[in-house]
Colleague: 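Have a look at this one.
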Amino acid sequence: MIPEKSYDIIVVGAGPAGSTAANYAARNGKSVLLIDRKKDIGTPLQCGGFLPHYETLRELVPNAELPYTLEEYPSECIHTTTSCQRFIAPDGCSKQFDVTADAIDRRRFDKYLAKEAAKSGVQVMPGTTVTEINGSTLELEGVFGSFTTDADIIIGADGPNSTVAMSKGLSREYDPMSIGTAFEYEVSGVDVDRNAVEMYFGKDYVPGGYAWIISQGGDTANIGVGIRETLFKKGMCARDYLNKFMYEHPIASEKLKKGSVVSVVSGIVPVGGAPKYTVADNTLIAGDAAGHIIATNGGGIPTAMVAGKVAGETASESIDGKCELAEYEKRWKAQMGMEIRTAVYIRKLMDRLMRSDYMMSKAIRHTSPEHMKAIQCGQLPDVVKKTLLKMNQGSM
């Protein structure tokens, strides 16, 4: 395929944020090119998928206008549905709260979103990389050849190491504690709770983060660790921590000991919040590229898609002269900025507690299931804030 010489909007990155942005821009009558470096959109996978149901998402981001693709998606995108989330403290204490969510097949889900964009009129160009951006001109290279094309507006949804963000000076300042490493296995032959998503804590297994077990139905599960490299013990890597969790954790190993690894997934998770600016000149950034993640759980699919919808609609209205492109910053912050900022604040409070298994266990014991759910949604009840602050000050 050969791209046109110019488009109203070019979106870089066909993940949840990019495909949603392209879809909504095209639905507003704009010519849109959606490019992705992957030859097969959704493959290789870079992170797993845990997606709360629509009603729960309204609690997670109550001010957001959720895209229609979050309300209903094909059943073949769903591995299984869970009904609760369980926290397991370093000392083995556990608490849980009700939450209905789907363990989704990200390969199929991402492809579904790209197909929805194509149905709306988006020209999709996989296997293509942006090699250079000069103003409104993009140099493209990939399986279809080398091309030069122009865009009135560029939307960068190309991940935490965004080429678009770097080209426009929109990258966040480097902070090793704001970058998480996710390393996951898909395993078969395990005996896990099919109705629960489990999150495990403990500095010897998951320094500065947590491990998870998410059933994919039957005897298959996604297991992984989300940790900060700066807290690794000397000589250890993310794979080592996941192996230790799988084979040595006193609780998890009993469920996973007969498991066989059938797939390996790894990626970077930006848990430091958004950069100072997400708009520059003719460019917007969204999703992981803009730190649109709830840092308390590392979940970014819903927030990425909300940001993508806002980006696509704002870019379209800007071209029509209905608003300034800078309006994007105000809009996404109004819809989910508070939740993202609060989650980063909570994450920083928890960082110190996570260095001590005793303190982390105590924090879980002192937090009610209701408040745990609020924290996972990027909310911080006053009573929890006071407790965490006291624990960080060593007064409990």
Colleague: Run the side-chain contact (heavy atoms from CB on, under 4.5 Å) check on N222 and W212 step by step: do they pass?
Modeller: CA-CA 8 Å; N222 173 284; W212 62 84; 2.6 Å; yes
Colleague: Within the 4.5 Å heavy-atom criterion, are I375 and M350 side-chain neighbours or not?
Modeller: no
Colleague: Considering all heavy atoms of both residues, which atom of G273 and which atom of I340 are nearest to each other, and what is their separation?
Modeller: CA-CG2, 4.3 Å
Colleague: If the condition is side chain to side chain donor-acceptor pair (under 3.5 Å), which residues does Q335 pass it with, not counting sequence neighbours?
Modeller: none
Colleague: How about T131 and T163: do any of their side-chain heavy atoms sit closer than 4.5 Å?
Modeller: no
Colleague: Between E184 and V264, is there a donor-acceptor pair closer than 3.5 Å when you use the side chain of the first and the backbone of the second?
Modeller: no
Colleague: Check whether any side-chain N or O of D240 sits under 3.5 Å from a backbone N or O of C237 as a donor-acceptor pair, and report yes or no.
Modeller: yes
Colleague: Could you tell me whether the side chain of I133 reaches within less than 4.5 Å of the side chain of K168, counting heavy atoms only?
Modeller: yes
Colleague: Salt bridge or not for K373 and E370, using N-O below 4.0 Å?
Modeller: no
Colleague: Relative to each other, are the rings of Y328 and H292 parallel, tilted or perpendicular (30° and 60° limits)?
Modeller: perpendicular
Colleague: Hey, does the side chain of R228 reach the backbone of T181 with a donor-acceptor pair shorter than 3.5 angstrom?
Modeller: no
Colleague: Looking at residues at least two apart in the chain, or sitting in another chain, which of them share a salt bridge (charged side-chain N to carboxylate O under 4.0 Å, His left out) with E65?
Modeller: K309
Colleague: Looking at every non-hydrogen atom in both residues, tell me the closest pair between L34 and S19 and how far apart they are.
Modeller: CD2-OG, 3.7 Å
Colleague: Can you get from V310 to Y277 by hopping between Ile, Leu, Val, Met, Phe, Trp and Tyr side chains that sit under 4.5 Å apart?
Modeller: no
Colleague: Any heavy-atom pair between the side chains of I88 and Y210 that's under 4.5 Å?
Modeller: no
Colleague: Is the shortest heavy-atom distance from the side chain of Y7 to the side chain of Q123 under 4.5 Å?
Modeller: yes
Colleague: Taking all atoms of both residues into account, what is the closest heavy-atom pair of A26 and S120, and its distance?
Modeller: CB-O, 3.4 Å
Colleague: Spell out, as yes or no, whether a donor-acceptor pair under 3.5 Å connects the side chain of T128 to the backbone of P126.
Modeller: yes
Colleague: Treating S356 as the side-chain partner and L353 as the backbone partner, does any N or O pair qualify as donor plus acceptor under 3.5 Å?
Modeller: no
Colleague: Please report the C-alpha distance between E116 and N23 in whole Å, then the side-chain angles of each, then the deciding distance to 0.1 Å, and finally whether the side-chain hydrogen bond (donor to acceptor under 3.5 Å, both in side chains) criterion is met.
Modeller: CA-CA 7 Å; E116 284 296 301; N23 188 359; 4.9 Å; no
Colleague: Test of understanding: with side-chain contact (heavy atoms from CB on, under 4.5 Å), list the residues that count as partners of K30, not counting sequence neighbours.
Modeller: D8, I9, V32, S316, I319, D320
Colleague: Determine, stepwise, if the pair D191 / E254 fulfils side-chain contact (heavy atoms from CB on, under 4.5 Å).
Modeller: CA-CA 8 Å; D191 183 16; E254 289 300 308; over 6 Å; no
Colleague: State plainly whether one hydrophobic cluster holds both V143 and L33, where clusters connect Ile, Leu, Val, Met, Phe, Trp and Tyr through side-chain heavy atoms under 4.5 angstrom apart.
Modeller: yes
Colleague: Can you sort out the partners of S178 under side-chain contact (heavy atoms from CB on, under 4.5 Å), two or more places apart, ordered by chain and number?
Modeller: D175, R347
Colleague: Do L138 and E132 have side chains that approach each other closer than 4.5 Å (heavy atoms only, starting at C-beta)?
Modeller: no
Colleague: Do K95 side-chain atoms and T367 backbone N/O form a donor-acceptor pair below 3.5 Å?
Modeller: yes
Colleague: So R331 and E317, salt bridge (Lys or Arg N to Asp or Glu O under 4.0 Å) or not? Walk me through it.
Modeller: CA-CA 13 Å; R331 290 180 177 181; E317 291 177 21; 2.9 Å; yes
Colleague: If the condition is side chain to side chain donor-acceptor pair (under 3.5 Å), which residues does S188 pass it with, not counting sequence neighbours?
Modeller: none
Colleague: Classify the ring geometry between Y73 and F109 as parallel (under 30°), tilted (30 to 60°) or perpendicular (over 60°).
Modeller: perpendicular
Colleague: Not counting sequence neighbours, which residues clear ring pair (Phe, Tyr, Trp, His ring centres under 6.0 Å) with F183? List them please.
Modeller: Y185
Colleague: Return the set of residues passing ring pair (Phe, Tyr, Trp, His ring centres under 6.0 Å) with Y112 (not counting sequence neighbours), or none when no residue passes.
Modeller: none
Colleague: With sequence neighbours excluded, tell me which residues meet ring pair (Phe, Tyr, Trp, His ring centres under 6.0 Å) with H249.
Modeller: Y200, Y205, F245
Colleague: Quick one: closest heavy-atom pair of I213 and A221, and the distance?
Modeller: CG2-CB, 4.4 Å
Colleague: Can you list the residues that meet the side chain to side chain donor-acceptor pair (under 3.5 Å) rule with Q216, with sequence neighbours excluded?
Modeller: none
Colleague: State, to 0.1 Å, how close V306 and L66 come at their nearest heavy-atom pair, and which atoms those are.
Modeller: CG2-CD2, 3.7 Å
Colleague: Does R58 pair with E71 as a salt bridge, N-O distance under 4.0 Å?
Modeller: no
Colleague: Quick one: are P62 and E339 in side-chain contact, heavy atoms under 4.5 Å?
Modeller: yes
Colleague: Taking D281 for the side chain and T283 for the main chain, is one N or O donor matched with an acceptor at less than 3.5 Å?
Modeller: no
Colleague: Working note: E248 + S253, criterion side-chain hydrogen bond (donor to acceptor under 3.5 Å, both in side chains); need CA distance, chi angles, decisive distance, verdict.
Modeller: CA-CA 6 Å; E248 300 179 23; S253 63; over 6 Å; no
Colleague: So, for T314 and C323, which heavy atoms are closest and what is the spacing to 0.1 Å?
Modeller: O-SG, 3.9 Å
Colleague: Is the side chain of T82 donor-acceptor paired with the backbone N or O of C84 at a distance under 3.5 Å, no angle test?
Modeller: no
Colleague: Kindly write out the residues that satisfy side-chain contact (heavy atoms from CB on, under 4.5 Å) with D40, not counting sequence neighbours, or none if the list is empty.
Modeller: T43, K111
Colleague: Give the C-alpha distance, both sets of side-chain angles, the deciding distance and a yes or no for side-chain hydrogen bond (donor to acceptor under 3.5 Å, both in side chains) between T56 and H53.
Modeller: CA-CA 5 Å; T56 303; H53 281 189; over 6 Å; no
Colleague: Among residues at least two apart in sequence or on other chains, which ones pass ring pair (Phe, Tyr, Trp, His ring centres under 6.0 Å) with F232?
Modeller: Y241
Colleague: Determine, stepwise, if the pair K244 / D204 fulfils salt bridge (Lys or Arg N to Asp or Glu O under 4.0 Å).
Modeller: CA-CA 9 Å; K244 186 176 182 181; D204 292 333; 5.2 Å; no
Colleague: Should I35 and V130 be marked as a side-chain contact (heavy atoms from CB on, under 4.5 Å) after you check the CA-CA gap, both sets of side-chain angles, and the distance that decides it?
Modeller: CA-CA 8 Å; I35 68 171; V130 176; 3.2 Å; yes
Colleague: Mind running side-chain contact (heavy atoms from CB on, under 4.5 Å) on Y24 and M305 for me, showing each step along the way?
Modeller: CA-CA 11 Å; Y24 275 88; M305 292 174 67; over 6 Å; no
Colleague: Would you call K258 and D219 a salt bridge, using N to O less than 4.0 angstrom?
Modeller: no
Colleague: So do the side chains of L284 and L325 get within less than 4.5 Å of each other, counting heavy atoms only?
Modeller: yes
Colleague: Mind running side-chain hydrogen bond (donor to acceptor under 3.5 Å, both in side chains) on N195 and S83 for me, showing each step along the way?
Modeller: CA-CA 5 Å; N195 295 313; S83 59; 4.6 Å; no
Colleague: Under the side chain to side chain donor-acceptor pair (under 3.5 Å) rule, collect the residues that match up with R86, sequence neighbours excluded.
Modeller: Q96, D193, E198
Colleague: Okay, side chain of D288, backbone of A157: is any donor-acceptor separation there less than 3.5 Å?
Modeller: no
